[in-house]
Amino acid sequence: QVQLVESGGGLVQPGGSLRLSCAGAGLSLANHALGWFRQAPGKEREGVSCINTSGRNKHYDGSVAERFTISRDNAKNTVYLQMNNLKPEDTAVYYCALEPVCMGTRIDPRPGYANWGQGTQVTVSS
């Protein structure tokens, strides 16, 4: 069964950092663009960042562009999201998905590819 497994979330104080991981289980991620999405309580899911297969092209939502960095290690079959200077408004469940639609700062899930898993909870609070 093809699955993406998110990990690395937790509770962190404002200004802190976390690194999220998205690992492919039963799927090689090397041939796929990947995207990170998040959903805060009571809000719709939103795109955060995406990266192409080579790792050279990256997109970020404007609210995270100066603080988050997406990267990938195809040898480890993993995509990462380094999150620095975290803010309370970053609190959400974070998900990764294959083949997002990325145009500028707009990141959307691609129909048929966003098989949402458990996600990983990020809570930013003092």
Side-chain angles (χ1 to χ4, degrees):
Q1 181 180 355
V2 172
Q3 191 176 1
L4 298 179
V5 180
E6 303 94 345
S7 63
L11 173 63
V12 64
Q13 292 186 342
S17 298
L18 285 172
R19 187 177 79 158
L20 306 184
S21 298
C22 170
L27 172 70
S28 172
L29 301 184
N31 297 323
H32 294 280
L34 268 291
W36 282 99
F37 298 83
R38 67 185 180 185
Q39 187 167 21
K43 296 187 177 181
E44 293 188 354
R45 201 181 327 252
E46 62 179 1
V48 175
S49 182
C50 60
I51 188 168
N52 72 339
T53 54
S54 71
R56 295 191 185 95
N57 290 332
K58 304 174 183 181
H59 297 257
Y60 298 94
D61 177 79
S63 66
V64 307
E66 302 299 320
R67 303 182 293 120
F68 291 10
T69 302
I70 192 169
S71 62
R72 66 190 303 154
D73 186 337
N74 287 338
K76 294 184 178 180
N77 208 32
T78 302
V79 173
Y80 303 99
L81 186 68
Q82 177 67 43
M83 307 187 297
N84 298 327
N85 191 21
L86 282 159
K87 303 177 180 181
E89 51 263 41
D90 295 317
T91 295
V93 179
Y94 284 70
Y95 304 88
C96 56
L98 298 173
E99 305 297 349
V101 179
C102 302
M103 294 184 65
T105 59
R106 186 178 176 101
I107 299 136
D108 293 308
R110 187 180 299 275
Y113 283 88
N115 183 20
W116 305 114
Q118 298 276 357
T120 186
Q121 175 71 48
V122 172
T123 303
V124 185
S125 175
S126 55

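Hydrogens, waters and symmetry mates play no part in the numbers below; they use all other heavy atoms, side chains included. Keep in mind the model is a prediction, meaning the values are calculated, not measured.
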Joint cluster assignment, V101 & Y113, ILVMFWY side-chain distance < 4.5 Å: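 Different clusters.
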Single-linkage hydrophobic cluster, 4.5 Å side-chain cutoff, L34 and L18 together: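 Same cluster: L34 reaches L18 through Ile, Leu, Val, Met, Phe, Trp or Tyr contacts under 4.5 Å.
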Side chain to side chain contact (heavy atoms under 4.5 Å, CB included), paired with [X], selected from [options]:
X: V48; options: D90, L81, I107; answer: L81
X: F68; options: K58, M83, Q82; answer: M83
X: V79; options: N74, D73, I51; answer: I51

Backbone N/O of G16 and side chain of N85: donor-acceptor pair under 3.5 Å: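 It does not hold such a pair.
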T78 side-chain N/O to K76 backbone N/O, donor-acceptor pair under 3.5 Å: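 Flag set: sc T78 to bb K76 pair under 3.5 Å.
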Exercise: do R19 and Y80 side chains pair donor with acceptor under 3.5 Å: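 Side chains of R19 and Y80: no pair found under 3.5 Å.
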CD/E89: more than 12 non-hydrogen atoms of other groups inside 6.0 Å: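 Yes, enclosed.
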Residues, nucleotides or ligands: over 12 heavy atoms within 6.0 Å of Q118 CD: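 Count not over threshold, so no.
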Between CZ on residue R67 and NZ on residue K87, distance to nearest 0.5 Å: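 Rounded to the nearest 0.5 Å, the CZ-NZ separation comes to 4.5 Å.
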Trace of the side-chain contact (heavy atoms from CB on, under 4.5 Å) decision for W36 with C22: CA-CA 9 Å; W36 282 99; C22 170; 3.5 Å; yes
Nearest heavy-atom neighbours spanning C50 and P100: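 C50 and P100 have their closest heavy atoms at CB-CG, 3.6 Å.
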From CA spacing to verdict: side-chain contact (heavy atoms from CB on, under 4.5 Å), N84, L86: CA-CA 5 Å; N84 298 327; L86 282 159; over 6 Å; no
Test: R45 cationic atom under 6.0 Å from Y95 six-membered ring centre, within 45° of axis: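 Yes, R45 and Y95 form such a contact.
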